[in-house]
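Data first, discussion second: the structure below is written as structure tokens.
Scope of the values below: all heavy atoms of this structure, side chains included, with no hydrogens, waters or symmetry mates. First the proteins, then the strands, lettered A, B, ... as listed; each starts at 1.
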Amino acid sequence: MHNRVDKFREIASREMQNELSRAFLLMLSLGAPIMRQIGMSSFPDPDCAEAYGRAIRAEAIERMPELLEEFEKNAEASGAKVIWAKDAGEANAAVLKIAKERNISYVTKGKSMVTEETGLNEHLIENGVDVFESDLGEVITQMLGRLPFHIVGPALNVPPGEISDIFLKKGIIKEPTDIFLKKGIIKEPTENPVELGRAARVFLREKFRRLEMGIVGVNMAVAETGTIINVENEGNIRMNKSSPKTLVAIMSLEKVVPTMTDALHMARILSRNCTGQKLTGYVSMDTGPKKPGEIDGPEELFIIIVDNGRSEIYRDVKVREILRCIRCGACLNTCPVYSKIGGYPYGFSYSGPMGQIINPMLLGIGSTADLYRACTLCGACKNICPAGIDHPSLLLEYRARQKGQGNMPVFERMTATAASVAMASGSLWSIGAKCARPLLNSFAKDGYIKNMPLVAKGWFACRDLRAMPRKTFREMWKELNKSSADKKESI
Amino acid sequence: MNSPSRDEILSRLKSARKIAPTERPAAPVLSERALNSGQMLERFTAELAAQTGTTYTAKGVQDARRILSEIAAAEGFKKVITAGIDTHGVDIKSWGREGAVNVLTHEELKDRESLREAAFTADAGITFADFAVAETGTIGIVFDKDQPRLASIAPPVHIAIVPVEKLYPVYEDVIEKVFADKNKIPGHFAFITGPSATADIQAIGFKGMHGPVKVMVIFIVNGEK
């Protein structure tokens, strides 16, 4: 996938002007955490359930090398073919090879973030294999050629009118072919979200019905049984797993969990954190291809295990914990930055706090500074994270590494150095404050500094600073002590 | 196929510094395990209803056939698809003859093409579910040679028939059984909770995205097996 992380500021400023998105994000950031809270409180002991889930993720990552080998052994024993891919190129090439060897003209796909990351769709289409995304949100983002706005609902923000236009253009809204149209449930082009969804259903049913090869992601890979588990509501993944002769499941290294029991607990946790549901509509578990005597289901199941930078992340113990992420999206809904700018500025498959910790490690610290710096370190993501990831500490670590690489702007480095010297010494600080006061206050208007010239200009572009008061706290404190001492003396 | 990549990835992972995982805290209590059978049925019904699904209880297989006929009349079924081996003894084939519903069993549909054709054009799929879970109004189906996958996902209505003795408190009770014998793990197992659904456009939810629009569960109570 071509990333656009370098355009973070530009896209964020643009998105902040998008009133529809802003209104939608407000609704999302108010509603989604409440839904999650309701879901979590259905556990007899929510804190205990959360702590247990975090422990499973921590253990799964620490034991990842052995668990992957165990998973591979059991998956192969069940008849699946396991393929390891070092990077995006290898993963895409492996899928293309499978498709080409079987003369596949088109594939349908379940939502899979790792294939967004590797740019699988583009690779297949360029090489003559058509790809139809089948998750409703992904159908829309694919047609509009956009990044996911939100990991759970990639096109949640797109107005129905825009979807209607693109559906007409791509021929999704047309002649009756399905039971819904025959029964008169939908008749013609519409901006009604339900009818648009039904139109996509009609369109994709024809694709599923003649499908020769399906592609799905993996939510969990169970080491003890070699089973892949998918968690979904729409049923598109079960269509992909049931209808075609060939099934390709693509997973990144960190999807592995030790046992089925662990997977069940994580399914409970994932559902509640994703959508506030206690369990998603479908939780499907595949262990190898179909068995002898079965008519439907895949004759061949390929499981592609993709590294794409993760083994390096694993070796980097300070950041290893980012592999615990289960891609639930709870951190997006609670983030004060995401809920102002939405998913597009993050410029890659992963957005919000999840993207801020993952993208820099996948794309490099050097090119992603805006991502890990667009954060107030408020800690809302860390508090809500069902995988137990400490996002603020990671972001600080990235900032420190950036400084270590000498990538920091000169003025910022000078300011930071000056501040650290002054802050280390009380007397230097008070001298500094005294010197800065008249300088700063010369720009003040009505008690606020709204602009300053030269290098400081950027800082004030979206912030105001209160004018410095006549006296500092220390000066006031001194006077207060002195006057109370005077009083005592006078008594 | 590409073992150099496998070896490279694994050796990189194995050369990383090991950190012993901290001990796990106590596993959460599964409070549903305290439910008696009446409470389980109540919980199942309420949870499934929250997903717009309907629960019926049939007093034996004859009663199940009566309920099926009611549903078929209300929904206007002309063609249904079901499993050939009727594990719960309802005999859908003869039920269909009585009610003029065309019943296609997967055994009659010998290959993938004809099964797909039938599943994508049927008005309903009737499955013989292996398990039900009270926790969330969920049914569990083992897909094997006796139970085609598409019958539960392609038609717009899914009716699952399940003996009430197969209703368990939590998912773990089911998984312990399905995955007990490592050599007999089914190729496909699914927990299904209500109809397929989405809220991908403007967070407006509706049922019936790619799979069934309606899900109905018929429990057979006092059932002759």
- Do you know which of A/T261, A/T259, A/T225 makes side-chain contact (heavy atoms from CB on, under 4.5 Å) with B/F179? A/T225
- Message: Taking side-chain contact (heavy atoms from CB on, under 4.5 Å) as the criterion, tell me which of B/I153, B/T193, B/T138 meets it with A/Y282.
- Response: B/I153
In the structure I gave you, are the side-chain heavy atoms of [X] and [Y] within less than 4.5 Å of one another anywhere?
X: A/M260; Y: B/I185; answer: no
X: B/D144; Y: A/K291; answer: no
X: B/V213; Y: A/R198; answer: yes
X: A/P292; Y: B/K145; answer: no
X: A/D307; Y: B/E8; answer: no
X: A/E206; Y: B/F120; answer: no
X: B/D200; Y: A/D135; answer: yes
X: B/L10; Y: A/W84; answer: yes

Mind ranking [options] by heavy-atom pairs under 4.5 Å with chain B and telling me who comes out on top?
options: A/Q277, A/H150, A/E59; answer: A/E59
options: A/L196, A/L301, A/I56, A/L28; answer: A/I56
options: A/P44, A/A49, A/S243, A/A51; answer: A/S243
options: A/T280, A/I61, A/L204; answer: A/L204

- Task: With side chain to side chain donor-acceptor pair (under 3.5 Å) as the test, would you mind laying out the steps for B/R12 and A/S311 before giving the verdict?
- Result: CA-CA 6 Å; B/R12 212 177 292 150; A/S311 55; 2.7 Å; yes
- Item | B/K93 atom NZ, over 12 foreign heavy atoms within 6.0 Å | yes
Of the non-hydrogen atoms in [X] and [Y], which two are nearest, and what is the gap between them?
X: A/C48; Y: B/P28; result: SG-CA, 3.6 Å
X: B/Q202; Y: A/V158; result: NE2-O, 3.2 Å
X: A/E234; Y: B/S196; result: O-CB, 3.2 Å
X: A/M239; Y: B/A154; result: CE-CA, 3.9 Å
X: A/K290; Y: B/R112; result: CE-NH2, 3.7 Å

- Item | Intermediate values then yes/no, salt bridge (Lys or Arg N to Asp or Glu O under 4.0 Å), A/E90 and B/R6 | CA-CA 12 Å; A/E90 275 194 13; B/R6 175 190 185 275; over 6 Å; no
Sort out for me which of [options] touches chain A most, counting heavy-atom pairs under 4.5 Å.
options: B/L30, B/I19, B/L115; value: B/I19
options: B/S15, B/A16, B/A119; value: B/A16
options: B/T22, B/I204, B/I141; value: B/I204

- Note on the structure: Bottom line for A/E162: the part with an atom under 4.5 Å from chain B's heavy atoms is neither
- Among residues 39-49 of chain B, which residues come closer than 4.5 Å to chain A, judged by heavy atom distances? B/E47
- Using the salt bridge (Lys or Arg N to Asp or Glu O under 4.0 Å) rule, take B/R24 and A/D262 through it: C-alpha gap first, then chi angles, then the decisive distance, then the call. CA-CA 12 Å; B/R24 287 204 195 173; A/D262 291 340; 2.7 Å; yes
- Check ion pair B/E113-A/K245 (N to O, under 4.0 angstrom): no
- Query: Taking atom types as modelled, is there a side-chain donor on A/R238 or B/S152 under 3.5 Å from an acceptor on the other?
  - Reply: yes
- Message: What verdict does the salt bridge (Lys or Arg N to Asp or Glu O under 4.0 Å) test give for B/E117 and A/R209, after you've listed the backbone C-alpha separation in whole Å, the side-chain angles of each residue and the deciding distance to 0.1 Å?
- Response: CA-CA 7 Å; B/E117 197 56 32; A/R209 190 161 153 180; 2.5 Å; yes
